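In what follows, a single structure is set out as structure tokens and then discussed.
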Protein chains: 2
Amino acid sequence: MTTRAEATRARLQSAALDLFEQRGYRAVTVEEIAAAAGVSHMTFFRHFPTKERVLLDDPFDPVIAAAVAAQPDGTPAIERVARGLLSLVPLLDQEPTESARRAIAIAAREPELQAGMAANTAATERAIVEAAAPAGEETEMRIAAAACLAAVTAVLLDWSTDGSRRTLGALVGDAMTTVVPALSDAAVPAYAGAAS
Amino acid sequence: MTTRAEATRARLQSAALDLFEQRGYRAVTVEEIAAAAGVSHMTFFRHFPTKERVLLDDPFDPVIAAAVAAQPDGTPAIERVARGLLSLVPLLDQEPTESARRAIAIAAREPELQAGMAANTAATERAIVEAAAPAGEETEMRIAAAACLAAVTAVLLDWSTDGSRRTLGALVGDAMTTVVPALSDAAVPAYAGAAS
DNA sequence: GCCACAAGTGTTAGTCACTAACATCTGTTG
DNA sequence: CAACAGATGTTAGTGACTAACACTTGTGGC
């Protein structure tokens with residue numbers, strides 16, 4: 001059941017994406033987005049706390065955190081995080097990622113939006129630490145999460161803009177292999193040697 | 001020779017730091033900072049492009065980039081970056097870091113400022129890639145830089161607020177060991193085993 | 001000392017993101 | 001249909017940031 005609020009929210013996101021693509025993030029005002037969605041600017045701010053959030057909305061933290069937590073412990077934190085992220089690759093390659101790609105492509109052009117993406121990353125980092133860090137190893141896990149997520153963000157930016165037709169999954173595989181060279185040795189055959 | 005502009009800039013930074021500590025980043029207006037420094041708000045914006053920048057000013061990118069570039073190539077990108085950052089530890093432990101610590105402690109409390117720190121990190125990342133990436137390996141280097149810098153940022157936030165009396169250098173050593181476990185084996189004896 | 005000249009700063013008048021308070025409308029439930 | 005809650009609108013702000021133009025202060029040549 002789609003509530004009225006959900007429909008409004010979706011219209012705002014869609015209108016914002018279109019307008020940002022046409023005229024650039026900076027040049028579009030919240031008023032204009034709201035008008036294009038047929039609502040007032042107050043309604044916009046009831047659905048999104050900031051202009052930035054209408055573009056950079058990311059509800060995947062719990063999924064990512066669970067994937068990391070599912071990795072066997074006992075191995076170094078950075079390997080657990082890397083393997084957890086790799087385990088999500090099949091999911092990535094089947095999702096309807098087109099609107100996400102458009103959003104990231106817009107963010108890639110505006111430095112202020114990359115700061116916003118970093119805020120997303122920080123939230124994901126916290127989720128991973130809470131879900132997957134053994135007691136007493138929170139710092140290690142936070143460092144490992146920060147490192148791996150930064151690497152994923154780096155390839156996300158490429159993927160969104162580059163003409164390169166590589167799948168997001170393959171790029172994430174490369175990123176994890178770069179961060180944890182040991183992964184390419186044997187553990188994840190599907191991605192071994194994928195890095196150039 | 002200290003120019004008038006440099007003096008004004010320093011007064012603005014100092015006044016901002018004091019006011020932010022007393023009343024919090026959000027609650028202090030640019031007008032108030034400017035007034036405390038004896039100038040108008042327009043002068044503030046001539047010295048700093050945004051309110052955020054008066055706190056998060058970071059001129060160390062060239063030093064960091066050079067330190068990474070100085071590492072021998074042929075090893076994985078992530079090891080070069082990690083070793084480059086480690087080579088700066090002696091410098092860290094002798095610098096007058098007190099105002100930096102105060103600034104980071106303020107930033108640690110405000111999510112919006114952590115986004116600003118991420119913008120700093122992105123700039124550092126670009127500087128490292130430009131200075132140290134062999135032709136054709138830019139992506140690998142960018143991923144490695146993003147990962148290591150994220151790890152350093154994570155410990156910086158701890159260092160600024162925690163009562164822990166560990167030196168910044170020791171914390172950075174731990175961070176690099178977490179990201180590149182291989183470093184603890186032999187290469188950098190001073191930090192081997194420093195991680196808990 | 002005086003006179004360009006430029007760098008630094010001030011004033012004023014805006015735009016736009018974002019907030020608070022209160023009114024209105026719409027859909028649902030008894 | 002009445003009552004109620006969720007969703008939206010209106011209005012009136014605050015504060016970050018910009019543009020245009022005037023002014024002031026320090027510096028070098030005469």
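As the structure is a prediction and not an experimental result, all values here were calculated from the model. Chain identifiers are assigned alphabetically (A, B, ...) following the order of the sequence lines, protein sequences preceding nucleic acid strands; residue numbering begins at 1 within each chain.
- Close to dG6(D), at under 4.0 Å from its OP1 or OP2, lies no side-chain N or O of T3(A).
- Under the rule for a salt bridge (charged side-chain N to carboxylate O under 4.0 Å, His left out), D58(B) has no partner lying at least two apart in sequence or in another chain.
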Find every protein N or O atom lying less than 3.5 Å from an N or O atom of nucleotides 15-17 of chain D, and list the pairs.
from: dA16(D); atom 1: OP1; to: V30(B); atom 2: N; distance (Å): 3.4
from: dA16(D); atom 1: OP1; to: K51(B); atom 2: NZ; distance (Å): 3.4
from: dA16(D); atom 1: OP2; to: V30(B); atom 2: N; distance (Å): 3.3
from: dC17(D); atom 1: OP2; to: K51(B); atom 2: N; distance (Å): 2.5

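- A ring-ring contact (aromatic ring centres under 6.0 Å, His included) check over residues 7-31 of chain A, counting only residues at least two apart or in different chains, returns the pairs F20(A)-Y25(A).
- Looking at heavy-atom distances under 4.0 Å, S40(B) makes contact with a base.
- The list of salt bridge (charged side-chain N to carboxylate O under 4.0 Å, His left out) pairs with a residue in residues 122-134 of chain A, not counting sequence neighbours, reads E125(A)-R142(A).
- Separating the CZ atom of R4(A) from the P atom of dA7(D) is a distance of 8 Å, rounded to the nearest angstrom.
- Among residue pairs with one or both ends in residues 24-44 of chain A, those qualifying as salt bridge (charged side-chain N to carboxylate O under 4.0 Å, His left out) are R23(A)-E32(A), R26(A)-E112(A); sequence neighbours excluded.
- Applying the salt bridge (charged side-chain N to carboxylate O under 4.0 Å, His left out) criterion to E52(B), with sequence neighbours excluded, gives no partner residue.
- Residue pairs meeting the salt bridge (charged side-chain N to carboxylate O under 4.0 Å, His left out) criterion with at least one partner in residues 64-78 of chain B, sequence neighbours excluded, are absent.
- The outermost nucleotides of DNA chain C lying under 4.0 Å from heavy atoms of chain B, listed 5' to 3', are dG8(C) to dT12(C).
- Residues from residues 12-24 of chain A lying near DNA chain D, meaning a heavy-atom separation below 4.0 Å, are absent.
- One cannot find a donor-acceptor pair under 3.5 Å joining the base of dG6(D) and the side-chain atoms of R46(A).
- For E21(A), the side-chain hydrogen bond (donor to acceptor under 3.5 Å, both in side chains) partners at least two apart in sequence or on another chain are R102(A).
- Partners of F44(A) according to the ring-ring contact (aromatic ring centres under 6.0 Å, His included) rule, which considers only residues two or more places apart in sequence or in another chain, are F48(A).
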Check your understanding: For M176(A) and V152(A), what are the C-alpha separation, side-chain angles and deciding distance, and is it a side chain to side chain contact (heavy atoms under 4.5 Å, CB included)?
Key -> CA-CA 8 Å; M176(A) 291 303 93; V152(A) 170; 3.7 Å; yes
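- Sequence neighbours left out, not one pair with a member in residues 34-50 of chain B passes salt bridge (charged side-chain N to carboxylate O under 4.0 Å, His left out).
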